[in-house]
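First the structure, in the form of structure tokens, and then the observations on it.
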Amino acid sequence: MTEESKISKAQQKAVNKYVKNNYDRINVTFPKGQKAIIKAHADSHGESINAFITRTVNEAINHDTQPTT
């Protein structure tokens, strides 16, 4: 790691405070081996695992809350 890419303790503390104040954390567990499958799928769509899970959950919520015709 180069000197320019190191994060100071003060910077990390500020990031942690921002995340704590602006995001909710949810821990999920998957069967052994599923993480690699999820990561490969997310990578193939140019997403992080977090972005993929967030998008998928939001799509399911939107789908499930659409009025039926």
Side-chain angles (χ1 to χ4, degrees):
M1 188 184 299
T2 64
E3 284 297 317
E4 298 84 38
S5 64
K6 289 186 179 177
I7 298 174
S8 72
K9 288 186 180 192
Q11 287 172 312
Q12 188 59 52
K13 186 176 178 181
V15 168
N16 290 342
K17 182 179 177 183
Y18 177 83
V19 169
K20 181 179 178 184
N21 290 331
N22 292 283
Y23 294 94
D24 289 325
R25 287 195 164 270
I26 300 172
N27 293 323
V28 297
T29 55
F30 293 96
K32 209 54 149 164
Q34 193 72 18
K35 181 179 177 181
I37 295 167
I38 293 168
K39 182 174 180 354
H41 184 82
D43 288 347
S44 73
H45 287 83
E47 295 178 305
S48 66
I49 292 173
N50 189 75
F52 168 65
I53 292 172
T54 300
R55 178 178 58 80
T56 304
V57 168
N58 286 332
E59 286 176 359
I61 289 170
N62 288 335
H63 176 269
D64 294 347
T65 58
Q66 293 297 319
T68 57
T69 56

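Nothing fancy with the numbering, it's 1 onward along the sequence. Atom set for the values below is all heavy atoms of this structure, side chains included, hydrogens, waters and symmetry mates excluded.
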Item to check | Approximate separation, where rounding is to 0.5 Å, of K20 NZ and K17 NZ | outcome: 9.5 Å
Checklist outcome for this item: Residues passing the salt bridge (Lys or Arg N to Asp or Glu O under 4.0 Å) test with K13, sequence neighbours excluded, are none
Next on the checklist: Applying a strict under-4.5 Å side-chain criterion to I, L, V, M, F, W and Y, I'd like to know whether V57 and I38 cluster together.
Outcome noted: yes
Checklist entry - Can you pull the side chain to side chain donor-acceptor pair (under 3.5 Å) pairs that have at least one residue in residues 25-35, sequence neighbours excluded? => result none
Checklist outcome for this item: Applying side-chain hydrogen bond (donor to acceptor under 3.5 Å, both in side chains) to Q66 and not counting sequence neighbours gives none
Item to check | Residue pairs involving residues 42-68 (criterion ring pair (Phe, Tyr, Trp, His ring centres under 6.0 Å); sequence neighbours excluded) | outcome: H41-H45, H41-F52
Checklist entry - Is there a side-chain contact between D43 and K39, using heavy atoms and a 4.5 Å cut-off? => result yes
Item to check | Those residues that, when tested against S8, pass side-chain hydrogen bond (donor to acceptor under 3.5 Å, both in side chains) (two or more places apart) | outcome: Q11
Checklist entry - Is the count of non-hydrogen atoms from other residues, nucleotides or ligands lying under 6.0 Å from F30 atom CZ greater than 12? => result yes
Checklist entry - Can I53 be reached from I37 by stepping across I, L, V, M, F, W or Y side chains whose heavy atoms are under 4.5 Å apart? => result no
Checklist outcome for this item: Scanning both residues in full, the closest heavy-atom pair of I61 with T65 reads O-OG1, 2.8 Å
Next on the checklist: Tell me which pairs pass side chain to side chain donor-acceptor pair (under 3.5 Å) where either residue lies in residues 49-58, with sequence neighbours left out.
Outcome noted: E47-R55, R55-E59
Item to check | Which atom of S48 lies closest to which atom of A42, heavy atoms considered | outcome: O-CB, 3.6 Å
